[in-house]
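One structure is given here, and the rest of the page talks about it.
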There are 2 protein chains.
Amino acid sequence: MAVTRTPRSRWIDEGLRALAAGGPDAVRIEALARALGVTKGGFYWHFDDRGALLEEMLDTWERLLVDDVIAGVESKGGDARARLRRLFALASSSRELLRIDLAVRDWARREPKVADRLRRADNRRLEYMRSLFGAFCPDEADVEARGMIAMALYVGSPFMAADHGTRSRADVLALAMQRLLA
Amino acid sequence: MAVTRTPRSRWIDEGLRALAAGGPDAVRIEALARALGVTKGGFYWHFDDRGALLEEMLDTWERLLVDDVIAGVESKGGDARARLRRLFALASSSRELLRIDLAVRDWARREPKVADRLRRADNRRLEYMRSLFGAFCPDEADVEARGMIAMALYVGSPFMAADHGTRSRADVLALAMQRLLA
DNA sequence: CGTTGACCATACGTCACCGTATGGATGGAG
DNA sequence: CTCCATCCATACGGTGACGTATGGTCAACG
């Protein structure tokens, strides 16, 4: 077995970086090759075509942004509120991961196949949040509203450009979070 | 004065349609020309280049999505809660306008000049919401949190793909809205 | 009825990208 | 030392987009 110089994973990582920075249209294999310091020669050895790379990028996205996050929250204990706080902290921890998630969301608005994947992923995330809010929220409709608000804050706030006077965005998010955990 | 067959405004409208459907990369003047049933010959009579069209599209976006919406809410009277309800209803009324707004938001994530415009627009919208929430919310921090949540719901929910069991997305949004007006 | 202003068609050169083909290079296994 | 799996460089043909150049067309105006 020869040494892998530029294995599949490096193409996928670089593809996710390009996706985060410029959306799916920015995932151009000749540009990725330049970024990796090679030519596209090797790309077509690993992947059938550009679409195959995009598919594997989505696999990686789901693993990083859903499986790993939930596992990370569950790994340490704590009650439901503590887990929710950790979920929010973890979900916003990596700027780069967040940008990937946002790019996938916008992508899903135009590509039905991506929308299907996002639906599966979001249903898993929301179901997890329901289980946490349900632990201290008796009213089922209230649980649903809180889950919706929590997710909308996570998804929506990076798409907002408003200022908040003396407060930082993080301050205001903390205020909103406080309302949700009351 | 000759009759205008395909005036500037038709290019701008078609450009906004393309933007809503596929993001700024989908605003290609040859494609717009095909959609309008002409060739790109006339485009370069109206506009210097593609960038000039994008600029004017952003002007139109701000007028439609900020000025017109606020004016529409203010035109009829009512107390602050009624206006907030009307603001939410109006902001979600047109599928097409909403899609344009979302596309601009994603665009702003990569283009600093677009981000500046979005910041101005979002500050105007949030300031307007502050004035409405402030009418029945004494605590200033609470006003800020509610404004943040309201805007995140508007911006974030179209980027979410989760299901809500027997409830529709509109049902859950109404539940969340109810919490905000309490 | 001729001119002019507003718009359109066509052809062109350039560029970036896709996917293919083909011939290396390189390092570990045997 | 040889072979083979793995990866890379290069060249190619094709496509679609940008912006330019140039010559129509057609209604309105005087």
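Convention: sequence-line order gives letters A, B, ...; per-chain numbering from 1.
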- Could you give the CZ-to-C1' distance, from F47(B) to dA6(C), as a whole number of Å? 14 Å
- Any salt bridge between R120(A) and D116(A), counting N to O under 4.0 Å? no
- Query: Salt bridge or not for D106(B) and R109(B), using N-O below 4.0 Å?
  - Reply: yes
- Item | d(CD, E30(B); C1', dG13(C)) in whole Å | 13 Å
- Which of these nucleotides, dC8(C), dA9(D), dC18(D), is closest to any side-chain atom of T39(A)? dA9(D)
- Message: Measure CG/L32(B) against P/dA17(D) and give the value in whole Å, please.
- Response: 10 Å
- Note on the structure: I29(B) atom CD1 is separated from dT20(D) atom C1', nearest whole Å, by 11 Å
- D49(B) has its side chain closest, among dG19(D), dA9(D), dA17(D), to dG19(D)
- In whole angstroms, the gap separating C1' of dG19(C) from CG of L53(A) amounts to 14 Å
- Item | Among dC17(C), dT6(D), dA6(C), the one nearest R28(A) by side-chain distance | dC17(C)
- In plain terms, say whether D122(B) and R125(B) are close enough for a salt bridge, that is, a side-chain N and a carboxylate O under 4.0 Å apart. yes
- salt bridge (charged side-chain N to carboxylate O under 4.0 Å, His left out) evaluation trace for R117(A) with E55(A): CA-CA 10 Å; R117(A) 280 169 172 273; E55(A) 282 292 324; 3.1 Å; yes
- Task: Compare the minimum distances between each of dT10(C), dG19(C), dG19(D) and the side chain of R50(B), then state the nucleotide with the smallest one.
- Result: dG19(D)
- To the side chain of K40(A), which of dT20(C), dG19(D), dC17(C) is closest? dT20(C)
- Are D101(A) and R105(A) close enough for a salt bridge, meaning some N to O gap below 4.0 Å? yes
- Scan R10(A) against the nucleic acid and name what it touches under 4.0 Å (heavy atoms): base, sugar-phosphate only, or nothing. nothing
- Message: Tell me the interatomic distance from F43(B), atom CZ, to dG19(D), atom P, rounded to whole angstroms.
- Response: 8 Å
- What does R34(B) touch in the nucleic acid at a heavy-atom separation under 4.0 angstrom: a base, only the sugar-phosphate, or nothing? sugar-phosphate
- Task: Select from Y44(B) and V38(A) the residue whose nearest nucleotide in DNA chain D is closer to the 5' end of that strand.
- Result: V38(A)
- Note: for W11(B) and G41(A) on DNA chain C, the residue whose nearest nucleotide lies more 5' is W11(B)
- Separation of dG5(C) P from R8(B) CZ (nearest whole Å): 18 Å
- Measure the distance from CH2 on W45(A) to P on dC8(D) and round it to the nearest whole Å. 10 Å
